[in-house]
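See below for the structure under consideration.
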Amino acid sequence: MNNPSDKKQGVQTTGHVWDDDLCEYNNPLPRWWLWTFYGTVFFAILYWLLYPAWPVGSSYTKGLFNDITYTVNGEEVTTHWNTRALFMRDMQSSPAAVRQREFLDVIAATDYEDLLADADKLAFVRSYGRGIFGDYCAACHQTGGTGIVGRYPNLSDDDWLWGGSVADIERTIMHGRLGYMPPFRETFDAEQLDVVAEYVLSLSGIDGGDAAKAQRGEVIFKGMAGGCFHCHGADGKGLPSQGAPNLTDSVWTIANVPAAETFDAKKEAVKGVIHNGVQRQMPAFGERLSPVEVKVLTAYVHQLGGGQ
Amino acid sequence: MMKHETIETNSGLLIILTLAVISIGGLVEIVPLFYIDGTVEEVEGVRPYSPLELRGRDIYVREGCYTCHSQMIRPFRDEYLRYGHYSLAAESQYDHPFQWGSKRTGPDLARVGGKYSNDWHVQHLVAPRSVVPESIMPNYPWLLDNELQYADVEARMKALKRVGVPYSETVEEYRANVEKFGEDVARTLDIGRARENLVAQAQAGNFDGNGARLSEMDAVVAYLQVLGTMVDFGQYDEGHFAQFR
C-alpha cells in the first residue's frame with residue numbers, strides 16, 4: 001500500500017505507519033479458520049479431562065478413562081488410560097490374542113506324538129511355525145530350513161548333528177549348541193592331511209581315490225595320531241552327543257563336497273575342514289521364546305524333513 | 001504495558017519473545033518428566049556401556065545404522081510378538097543420544113543382543129545378502145578391515161560423564177559404582193582402566209572371529225550383542241512396568 005489514500009473501503013489497518021506511508025491491513029481472520037481454532041481449544045480441554053494430561057507435583061491428572069482392566073497373577077487390575085495398560089489388556093483379551101491362545105493352549109496341552117499325528121494341529125504348527133521360524137531362525141537356517149553349506153546346517157533333510165528326535169531338537173532350540181572340531185593344522189603334516197582326507201572320502205564311497213592312501217588315513221583316523229574316532233566314531237557314523245556328523249553318508253554340512261566337481265577338489269574341501277577345524281554356534285532361544293513357541297518350532301523343524 | 005508497536009519495530013526483542021512463546025510448548029511437555037515419579041522405571045541390571053561397547057556404539061552412529069534401524073519396541077502386541085518386551089525408558093538412560101527412532105527400513109534392534117551368533121553378525125555386516133538373500137542393507141566390509149581406534153576412549157567416557165553417565169574417575173566414584181552395579185561392572189566403568197578393559201573384552205569375546213587384531217567389527221558386534229540384554233524380565237511380573245505409567 002504505497003498510498004494511504006488507495007485504502008480499500010471498510011478495511012482497517014493496524015494503525016502503524018512506517019516510512020511515511022507504509023501501513024498494514026488488519027483483516028479479520030477468516031471465519032472457517034477461527035472456528036477451527038476454537039474447535040482445537042475445545043478438543044484440548046476434552047482431551048485434558050479424558051486422558052492423563054497435567055502434571056501435579058510428582059504425579060499427574062489421570063483422566064476419566066479409568067477403566068483399563070487386565071489381570072496380574074490372577075488378580076484384576078483396573079487403571080487409568082496408558083499405553084502399557086492397553087498393551088496388557090491387548091495381550092490378554094484382544095480378539096486376536098484370544099483366538100491365538102485357543103490354538104496355543106491346545107498345542108501346549110498336546111504331547112509331541114499326538115501333535116505330529118494330528119493333521120489339524122499340524123496345519124497350525126506349519127502356519128504359525130513358519131512365521132516364528134522366519135523371525136528367529138531363517139536369517140541363519142534360511143527360509144524353509146535349507147541352510148548354507150559350511151555355515152548353517154540344513155534342517156529339512158533327515159541328517160542330524162545333534163539328533164532328530166523331538167527331545168533332541170527341543171534341547172537344541174532351548175539351550176543352543178556349539179559345534180566344535182579342533183583344527184589339525186599343527187597336528188598333521190601335508191602327507192597325513194592328504195591321506196586322512198582320502199579316507200574320509202572313501203567312507204561315503206566317493207570314487208577316484210587312492211586305496212593305499214585311504215588305508216593309511218584309516219590308521220590315523222582310528223588311532224591316537226588323529227583321534228577322529230573320539231567324535232566321529234570308529235565307524236565314522238558320527239556321535240550325536242558330540243554333534244559330530246556321520247561321514248559315511250552323502251550329506252555334507254561343512255565341507256562342500258557335492259559342489260566340487262573333481263576328486264581333487266572334493267579332497268581340498270575336506271582337507272580345509274580338517275586343517276582349520278570348525279567352530280560354529282547355534283544360539284540358545286530358551287529365554288527369548290515362550291515354552292509353547294519352542295514347542296511349535298520343534299514340531300515345525302521336525303516335520304520339515306526328517307524328524308526321528 | 002508493552003505496545004504491539006514496540007515489539008514489532010524492535011527485531012531483537014521480537015526474536016526473544018517469539019522464542020519464549022514457542023518454547024512453552026516444549027517446556028510443558030519435557031520439564032515435568034524430570035520430576036514425575038516413574039518416568040525412568042526403577043529396574044535392575046541397566047548399566048552404562050563398557051569402553052568396547054561404547055566404541056561400537058560410536059561406529060554404529062558414524063555409519064548411520066539408525067537411519068534404517070530403530071531401537072525402541074513400542075508397547076503393542078504385534079511388536080511384542082516380533083521383537084520381545086517393549087523398551088523401557090530406563091534401558092536408554094545412559095544413551096546419549098538415544099537411538100529410539102521411528103524409521104524402520106530394517107527391523108528394530110533394541111533386543112537383538114544374543115539373537116544371533118557373533119559369526120552371523122560379522123558375515124551379515126560384511127555381506128548381508130550372503131545370509132539374507134532379500135536384504136537391502138548395505139555392505140560394511142571396512143568394519144572388518146579398519147583397525148579400531150581407541151586412543152581417545154577415555155575422553156569419550158569423560159564427555160559422557162559430564163552429561164550424567166556414571167563413569168568413574170575418583171576412588172569415591174568407583175566405590176559408588178561398586179555399590180550400585182557390583183564390582184565386575186564397576187571395573188568396566190573406570191575411566192582410568194578404559195583401554196585395558198577394552199582390549200581385554202575384545203580378546204575374551206573375539207567378536208570378529210580374528211583373535212590377532214582389534215577391528216571396528218569387534219566393537220560393533222560387542223555393542224549389538226549387549227542390546228536389550230541388560231534387564232532380566234523374568235524377575236518382574238507381567239504388570240510390573242505398567243504401574244510406572
Side-chain angles (χ1 to χ4, degrees), chain A residues 14-18 24 52-60 62 68 70-73 75 77 79-92 94 96-97 100 131-132 134-143 148 151-152 176 178 279-285 287-290 293, chain B residues 3-5 8-9 28-29 31-39 41 73-86 88 107 111-121 123-124 128 130-135 206 209 225 228-229 232-234 237-245:
Chain A
T14 53
H16 328 141
V17 181
W18 286 280
E24 193 183 353
W54 285 97
V56 181
S58 61
S59 182
Y60 47 86
K62 311 272 176 183
I68 312 298
Y70 56 88
T71 319
V72 179
N73 301 333
E75 263 180 61
V77 178
T79 181
H80 64 277
W81 189 97
N82 71 84
T83 48
R84 291 181 181 182
L86 290 175
F87 166 75
M88 298 285 297
R89 190 179 68 177
D90 239 25
M91 289 297 291
Q92 293 173 353
S94 70
Q100 189 175 59
I132 43 181
D135 281 350
Y136 298 108
C137 322
C140 291
H141 293 289
Q142 308 293 294
T143 313
I148 301 176
R151 295 189 173 275
Y152 306 111
L178 192 66
Q279 188 164 1
R280 56 179 190 174
Q281 187 201 351
M282 156 82 196
F285 283 88
E287 302 220 337
R288 191 174 283 272
L289 300 173
S290 68
E293 282 173 323
Chain B
K3 283 257 184 65
H4 189 188
E5 194 174 342
E8 238 179 24
T9 54
V28 297
E29 287 188 20
V31 171
L33 294 178
F34 287 95
Y35 59 83
I36 287 179
D37 294 338
T39 300
E41 310 85 349
I73 303 165
R74 273 76 174 165
F76 300 133
R77 181 167 168 268
D78 55 317
E79 299 239 330
Y80 174 86
L81 292 178
R82 173 150 183 203
Y83 299 121
H85 198 287
Y86 55 77
L88 305 176
R111 300 217 182 281
V112 82
K115 183 178 175 193
Y116 300 116
S117 56
N118 296 344
D119 265 358
W120 185 88
H121 280 298
Q123 198 194 349
H124 180 253
S130 68
V131 274
V132 184
E134 315 78 355
S135 181
N206 189 16
Q225 292 290 34
T229 60
D232 172 10
F233 285 94
D237 66 25
E238 269 187 280
H240 180 75
F241 295 107
Q243 74 194 11
F244 291 100
R245 286 295 175 271

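Computed from a predicted model, the values in this text were never measured in an experiment. Throughout, protein chains are lettered first and strands after them, A, B, ... in sequence-line order, and every chain is numbered starting at 1.
Looking at A/Ser290, there are no atoms closer than 4.5 Å to chain B (heavy atoms on both sides), in backbone or side chain. Both the backbone and the side chain of A/Tyr136 come within less than 4.5 Å of a heavy atom of chain B. Neither the backbone nor the side chain of B/Leu33 comes within less than 4.5 Å of any heavy atom in chain A. Both the backbone and the side chain of A/Asp135 come within contact range of chain B, each with at least one heavy atom under 4.5 Å from a heavy atom of that chain. Heavy atoms of B/Ser130 lying under 4.5 Å from chain A belong exclusively to its backbone. Heavy atoms closer than 4.5 Å to chain B are found in the backbone of A/Ser59, but not in its side chain. B/Tyr116 touches chain A through backbone and side chain together, each having a heavy atom under 4.5 Å away. Using a 4.5 Å cut-off between heavy atoms, B/Glu29 makes no contact with chain A at all. Using a 4.5 Å cut-off between heavy atoms, A/Met91 contacts chain B through both its backbone and its side chain. With a threshold of 4.5 angstrom between heavy atoms, A/Gln281 approaches chain B through its backbone and through its side chain. Heavy atoms closer than 4.5 Å to chain B are found in the backbone of A/Gln279, but not in its side chain. In this structure, the portion of B/Phe76 lying under 4.5 Å from any heavy atom of chain A is its backbone and not its side chain.
Of all heavy-atom pairs spanning B/Ala242 and A/Tyr70, the tightest one is CB-OH, 3.3 Å. Contact record, B/Lys115 with A/Phe285: O-CZ, 3.6 Å, taken as the closest heavy-atom pair. Of all heavy-atom pairs between A/Gln142 and B/Val131, the closest is NE2-O, 2.7 Å. Of all heavy-atom pairs spanning A/Ala96 and B/Arg77, the tightest one is CB-NH1, 3.5 Å.
The residue among B/Pro133, B/Gly209, B/Ser117 with the most heavy atom pairs within less than 4.5 Å of chain A is B/Ser117. Listed options B/Gly84, B/Pro32, B/Pro107, B/Gly239 were ranked by heavy-atom pairs under 4.5 angstrom with chain A; first place goes to B/Gly239. No other option in B/Val132, B/Asp237, B/Asp119, B/Asp232 has as many heavy-atom pairs under 4.5 Å with chain A as B/Asp237. By number of non-hydrogen pairs under 4.5 angstrom with chain B, the leading residue of A/Gly57, A/Ser58, A/Ser94 is A/Ser58. Taking chain B as the reference chain and counting heavy-atom pairs below 4.5 Å, the highest number among A/Met282, A/Lys62, A/Glu293, A/Gln100 is found for A/Gln100.
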Begin from the C-alpha positions of A/Trp18 and B/Glu8 and carry the test side-chain contact (heavy atoms from CB on, under 4.5 Å) through to its verdict.
-> CA-CA 11 Å; A/Trp18 286 280; B/Glu8 238 179 24; 3.3 Å; yes
Hey, mind stepping through B/Glu134 and A/Thr143 against side-chain contact (heavy atoms from CB on, under 4.5 Å) and telling me if it holds?
-> CA-CA 11 Å; B/Glu134 315 78 355; A/Thr143 313; 4.3 Å; yes
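Within 6.0 Å of atom CZ in B/Arg74, more than 12 heavy atoms from other residues, nucleotides or ligands are found, so the atom counts as buried in its surroundings. Summarising the local packing, CD of A/Glu287 is surrounded by 12 or fewer heavy atoms from other residues, nucleotides or ligands at distances under 6.0 Å. The number of heavy-atom neighbours closer than 6.0 Å to OH of B/Tyr80, taken from other residues, nucleotides and ligands shown, is 12 or below.
Checking side-chain atoms of A/Arg84 against main-chain N and O of B/Pro75 turns up no donor-acceptor pair under 3.5 Å.
The line from CZ of B/Arg245 to CZ of A/Phe87 is 14.0 Å long, rounded to the nearest 0.5 Å.
Under the salt bridge (Lys or Arg N to Asp or Glu O under 4.0 Å) criterion, B/Glu79 pairs with B/Arg104, sequence neighbours left out.
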